[in-house]
Amino acid sequence: MDTVDATVEKLRAQCLSRGALGIQGLARFFRRLDRNRSRSLDSGELHRGLAELGLVLDRAEAEAVCRRWDRDGSGMLDLEEFLRALRPPMSQAREAVIAAAFAKLDRSGDGVVTVDDLRGVYSGRAHPKVQSGEWTEEEVLRRFLDNFDSSEKDGQVTLAEFQDYYSGVSASVDTDEEFVAMMTSAWQL
């Protein structure tokens, strides 16, 4: 394990010690720090942000982390890639139940879930905002879909995006049995 991997393990442990929302809270905080919406931070912003949250990295560690997730040579850390790396790896059982839930949603079988796919599985007619006339059923389904979409909401969710969403959830569930039971119940698998 190289020093950057060790640094990521250290940060992961610090985040997970904060409970279910440790990594998700870090993601929200980083997005607030990213004032220009570039979805990246420089090493100084990373170091200051982590310190503000009480997560300890020295300046050299912050610079090394930025270099690892600098996708374009700009010296900036790509937030999405970094946050993905912070999440603990998932077991085969967790990956399988996530794939089963995705397959249930992907009615067309084309590997992408859209509002049209959702219409075949769920109805938004009972949603309170549809009932009040504030939203259409289409809006309810789109907002539901947006939960799983990447930061660029395009109305299409791939298996990778769905897995990415659930890897964040998975980080807060202790055992495979609990995670599989939760997914099975939530998606009626």
Side-chain angles (χ1 to χ4, degrees), residues 15 18-41 49 69 71-72 76-173 176 178-189:
C15 285
R18 293 170 178 233
L21 298 178
I23 293 173
Q24 289 176 338
L26 182 63
R28 277 192 301 278
F29 182 75
F30 277 163
R31 288 184 185 105
R32 282 195 309 269
L33 281 179
D34 181 24
R35 298 205 192 287
N36 68 356
R37 300 204 183 279
S38 65
R39 294 196 285 282
S40 60
L41 298 174
W69 283 279
R71 296 293 178 221
D72 60 3
M76 305 291 279
L77 167 102
D78 181 295
L79 286 178
E80 296 304 319
E81 291 295 320
F82 175 64
L83 292 168
R84 195 171 290 120
L86 270 181
R87 294 180 184 129
M90 287 190 292
S91 69
Q92 286 184 327
R94 292 179 190 221
E95 288 180 357
V97 76
I98 291 167
F102 183 84
K104 180 177 183 176
L105 292 177
D106 183 16
R107 302 277 292 182
S108 64
D110 64 356
V112 177
V113 175
T114 64
V115 169
D116 288 337
D117 287 313
L118 290 181
R119 259 191 223 99
V121 184
Y122 294 104
S123 169
R125 288 188 300 271
H127 191 283
K129 291 197 176 191
V130 171
Q131 295 285 313
S132 72
E134 190 176 336
W135 290 353
T136 65
E137 186 175 358
E138 174 94 6
E139 286 173 297
V140 167
L141 294 175
R142 177 63 190 258
R143 288 174 185 246
F144 177 73
L145 189 63
D146 284 350
N147 287 306
F148 308 104
D149 209 347
S150 65
S151 56
E152 295 175 18
K153 310 292 185 210
D154 61 2
Q156 299 182 349
V157 174
T158 64
L159 176 57
E161 289 170 324
F162 198 71
Q163 288 171 324
D164 189 44
Y165 172 85
Y166 274 108
S167 72
V169 174
S170 174
S172 66
V173 179
D176 286 350
E178 290 172 307
F179 185 82
V180 169
M182 176 201 68
M183 292 291 291
T184 301
S185 175
W187 293 105
Q188 299 175 357
L189 299 175

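Residue numbers count from 1 along this sequence. Since the structure is predicted, the reported quantities are computational estimates derived from the model, not experimental observations.
- Listed by chain and number, the residues in a side chain to side chain contact (heavy atoms under 4.5 Å, CB included) with Arg94 are Met90, Ser91, Ser170, Val173, Asp176, Phe179 (sequence neighbours excluded).
- Around atom CD of Gln92, no more than 12 heavy atoms belonging to other residues, nucleotides or ligands sit under 6.0 Å away.
- The CZ atom of Arg142 sits 11.5 Å away from atom OG1 of Thr136, with the distance rounded to the nearest 0.5 Å.
- Distance check, rounded to the nearest 0.5 Å: CG of Asp110 to OG1 of Thr158 gives 11.0 Å.
- Minimum interatomic distance between Leu145 and Val115 (heavy atoms only, all atoms of both residues): CD2-N, 3.8 Å.
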Exercise. Could you walk me through whether Asp106 and Asp117 pass the side-chain contact (heavy atoms from CB on, under 4.5 Å) check?
Worked result: CA-CA 6 Å; Asp106 183 16; Asp117 287 313; 3.8 Å; yes
List the atom pairs, donor and acceptor, that lie under 3.5 Å between side-chain atoms in residues 180-189 and the rest of the protein, sequence neighbours left out.
residue : atom : partner : partner atom : Å
Thr184  : OG1  : Val180  : O            : 2.7
Trp187  : NE1  : Tyr166  : OH           : 3.0

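- We find the CG-CZ distance between Asp164 and Phe148 to be 12.5 Å, quoted to the nearest 0.5 Å.
- Among all heavy-atom pairs drawn from Phe162 and Ala101, the shortest one is CE2-CB, 3.9 Å.
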Per-pair distances, 0.1 Å, donor-acceptor, side chain in residues 118-128, under 3.5 Å, sequence neighbours excluded:
residue : atom : partner : partner atom : Å
Arg119  : NH1  : Asp116  : OD1          : 2.4
Arg119  : NH2  : Glu138  : OE1          : 2.1
Ser123  : OG   : Arg125  : N            : 3.2
Ser123  : OG   : Glu137  : OE2          : 3.4
His127  : ND1  : Lys129  : N            : 3.0

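- Atom CG of Leu159 is separated from atom CD of Glu95 by 9.5 Å, given to the nearest 0.5 angstrom.
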